[in-house]
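Side-chain atoms are counted along with the backbone in the values below, which use heavy atoms only and exclude waters and symmetry mates. What you see is a predicted model; the values in this text were computed from it and never measured. Every chain is numbered from 1 and lettered A, B, ... according to where its sequence line falls, protein lines coming before strand lines.
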Number of protein chains: 2
Amino acid sequence: MGTTGQLSAVPEPKYWHLRTVLLRAIDSEFSTGQVLPNERELSARFGVARATLRQALDQLELEGRLVRRRGIGTLIAAPRVGVPVNRQEEGWPGTARNQAWRTVDCTTAPASAQLAKGLGIAEGATVHTVRRVRLVEGRAVASESLHVPAAALPHLPGFRAESDRARSVLRQLERLEVDGESRSVELGVAEAEQAALLERPPGAPVLVMTTQYASAGRLVALAVATYRADTCKLTFGEAGLVEVTPVGATAEVRTAS
Amino acid sequence: MGTTGQLSAVPEPKYWHLRTVLLRAIDSEFSTGQVLPNERELSARFGVARATLRQALDQLELEGRLVRRRGIGTLIAAPRVGVPVNRQEEGWPGTARNQAWRTVDCTTAPASAQLAKGLGIAEGATVHTVRRVRLVEGRAVASESLHVPAAALPHLPGFRAESDRARSVLRQLERLEVDGESRSVELGVAEAEQAALLERPPGAPVLVMTTQYASAGRLVALAVATYRADTCKLTFGEAGLVEVTPVGATAEVRTAS
DNA sequence: GAGTGGTCTAGACCACCGA
DNA sequence: CGGTGGTCTAGACCACTCT
């Protein structure tokens, strides 16, 4: 005994310790938008390899505390914006005067097996798909694919320009009196296409929200929305019982011991 | 011109390309629980450094497609389980015959500034905190801190054993007729303590769900729950309009082009 | 002990940004 | 152009698990 004699129960990895140190520094000594020293200097200052330092920064970026911009530097991130996902706030029926969504394109095609299952229809049935981007303060925070079976929209006018068709689909949906919805949220990463729409590199973490809309007991739409996980906090429920909860996301909520 | 002459618009990083290749392989050639070849062999097979291969595996793990176990290997992950977060399903009022939650401990202490703000009470006011772990099929999927101002529980009996006090707090809350809730979900990473409860290493990605419960227009509880992002998909709303939507999390929902 | 994933290093080159 | 973060390499050692 004594060869590796240590009292340290589980020697914390360097990068994790570094993360903690940096997190404290961020909380106490820096403010939003401020740039950190560059990675080469930080790694030297802490006496670790650059890769190790980067591992710590990766964590903090995942937590939404840092933003790294190629060619610029590493900045302190602004607190995440709360994005309401109520049906009303979402501006979904009510497209008219809500600038929060920008339509990208609209396609009509037979449903894939996967999509058919999600919509509860037969594979190959015709489905309209509207792709939209959600904007908050001018920045893209989410991209959504809204799938609507053609069968659910009996009165859709014939051929039109793409942008017109998108509007038609949304308006028809609005008239359908959606009376129920079922949502799920999980973690994902942005594929190339999504990433481009969200102005992020491929592989960026996203919150994938899948919503089934029902009308008169039947599914009438399936929406798959990917929200930037770095900048977004999804908010549900009766809008704002009390103002946004600023309780630390990751940091534990502690009462004095 | 011609010095770096390439037609490839944006040369995809190797690790991202690798991820795509591996993802296809996972989808087509492997099934849940199966183990992949080890990292050294895979990196050799693809002709990349091990670190690069690991970067690709990191992505797939974040997407919940792989599980890596030290000393064992890299396995194909089971599909994420849908975890309902309705008030009923949550077994929150209704603690009695719901085995889904296991109480860890219960403390009573003055509220920190942060916590006070989240609860809309004065800093230093007494708050009961019940920590619980949510189990699904015997596995811990979430850990929750439920904060309840003492002022909201007028009839709480005096001193008791910790486990008894936890029960009392929950039962009192149950009688309070919660009539509203406001939730938010964001991405975080597990700190040491959470990580231990969730049987995950520190830094593991989690979905942080913050819930404010109201009764008669007043906030009566604040819950901060961290769900394992690797294995969980949070499901909201009128439980199951249709069965679970198996639409790919990250994979785009595509209609034939 | 043999095999696995986890951490860490020291260095290189690239892509992007601003001056 | 110089400075930044992003990618990639080849190697080392550690912690863990199973046999």
Side-chain angles (χ1 to χ4, degrees), chain A residues 3-6 8-20 22 34-62 66-77 189-190 192 195 199-204 230, chain B residues 3-6 8-20 22 34-62 66-77 189-190 192 195 199-204 230:
Chain A
T3 57
T4 51
Q6 299 272 348
S8 66
V10 175
E12 203 176 38
K14 276 189 190 178
Y15 79 88
W16 185 256
H17 180 244
L18 246 185
R19 182 207 83 113
T20 308
L22 288 170
Q34 210 167 345
V35 309
L36 262 56
N38 71 56
E39 296 183 350
R40 288 162 180 88
E41 181 180 334
L42 280 177
S43 59
R45 188 183 300 181
F46 288 108
V48 299
R50 193 178 152 216
T52 304
L53 171 78
R54 280 182 61 79
Q55 223 177 330
L57 296 182
D58 286 344
Q59 289 282 344
L60 292 168
E61 195 177 23
L62 201 63
L66 294 180
V67 179
R68 293 195 274 188
R69 295 207 204 145
R70 164 140 49 174
I72 305 289
T74 302
L75 323 179
I76 309 297
V189 305
E199 302 166 357
R200 296 251 64 203
D230 57 343
Chain B
T3 58
T4 52
Q6 298 272 350
S8 65
V10 175
E12 205 177 34
K14 276 188 189 177
Y15 79 89
W16 185 255
H17 180 245
L18 246 185
R19 182 207 82 113
T20 308
L22 288 170
Q34 210 167 346
V35 310
L36 263 55
N38 72 55
E39 296 183 350
R40 288 160 180 87
E41 180 179 334
L42 279 178
S43 58
R45 186 183 302 181
F46 288 107
V48 299
R50 193 178 152 217
T52 304
L53 172 78
R54 279 182 60 79
Q55 223 177 330
L57 296 182
D58 286 343
Q59 289 282 342
L60 292 167
E61 196 178 22
L62 200 65
L66 294 179
V67 178
R68 292 193 273 187
R69 296 208 203 142
R70 178 160 14 194
I72 305 289
T74 302
L75 323 179
I76 309 296
V189 305
E199 302 165 358
R200 297 251 62 203
D230 57 343

Worksheet item: Which value, rounded to the nearest 0.5 Å, describes the distance between B/Leu60 atom CG and B/Leu66 atom CG?
Response: 5.0 Å
Worksheet entry | Between CG on residue B/Leu62 and CG on residue B/Leu57, distance to nearest 0.5 Å | 12.5 Å
Would you call [X] and [Y] a side-chain contact if the rule is heavy atoms closer than 4.5 Å?
{"X": "B/Trp16", "Y": "B/Gln59", "answer": "yes"}
{"X": "A/Arg68", "Y": "A/Arg54", "answer": "yes"}
{"X": "B/Leu22", "Y": "B/Leu53", "answer": "yes"}

Response to the item:
In 5'-to-3' order, the base (B), backbone-only (S) or no-contact (-) status of each nucleotide in nucleotides 5-12 of chain C, using a 4.0 angstrom heavy-atom cut-off, is BBBSB--B
